[in-house]
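Everything on this sheet refers to the single structure shown next.
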Amino acid sequence: MSNRNRTNKQSKNYRTKQKECMHTLEGRVEELESENTGFRIKESALKSEINTLSEQLEYFQGFMNKMMSLVYKNVSSSKMPENYIPDIDFEMEEKEYN
């Protein structure tokens, strides 16, 4: 085989391998883009859940603060019997969480 034929064959093999490599890389890029989209959707859902939980925590902290202030306002700690159960009005502003 002449040098020229050998060089043409090597060039053809190189181009074929290069095309295969590009095809493989393009497929991998598509997979990663799809995976990234999934992660972004999950991130958005988690951020929403964190916001909801933060709002609920704030609400319940306010509720507990109101209950504690009612208990301490109505009964001083020195006069409170050991088994004292306060009569508390549990009606508060209701907030719906979705």
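Just so it is clear, the structure is predicted and the values come from calculations on it, not from any experiment.
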### Query
Rounded to the nearest 0.5 Å, how far does CD1 of I41 lie from CG of N36?
10.0 Å

### Task
To the nearest 0.5 angstrom, please state how far the CG atom of N8 sits from the CG atom of N13.
11.0 Å

### Task
Kindly compute the distance separating CD (Q10) from NZ (K12), expressed to the nearest 0.5 Å.
14.0 Å

### Message
For K19, give me all partners under side chain to side chain donor-acceptor pair (under 3.5 Å), at least two apart in sequence or on another chain.
### Response
none

### Task
Flag yes if L32 and F39 sit in one hydrophobic cluster, no otherwise; membership is Ile, Leu, Val, Met, Phe, Trp, Tyr, and two members link when side-chain heavy atoms are under 4.5 Å apart.
no

### Message
To the closest 0.5 Å, what do you measure between CG (L57) and OH (Y59)?
### Response
13.0 Å

### Query
So, do I50 and S54 sit near enough that their side-chain heavy atoms are less than 4.5 Å apart?
yes

### Message
Checking the side chain of T24 only, and the main-chain atoms of E20 only, is there a donor and an acceptor separated by less than 3.5 Å?
### Response
yes

### Query
Are T37 and R40 close enough that some pair of their side-chain heavy atoms sits under 4.5 Å apart?
no

#### Entry: Partner set under side chain to side chain donor-acceptor pair (under 3.5 Å) for E35, not counting sequence neighbours
none

### Query
Between atom CD of E49 and atom OG of S44, what is the distance when rounded to the nearest 0.5 Å?
11.5 Å

### Query
Can N65 and S69 be said to form a side chain to side chain contact (heavy atoms under 4.5 Å, CB included), step by step?
CA-CA 6 Å; N65 285 338; S69 69; over 6 Å; no

### Message
Just verifying a value: how many Å separate Q18 CD and Y14 OH, rounded to the nearest 0.5 Å?
### Response
4.5 Å

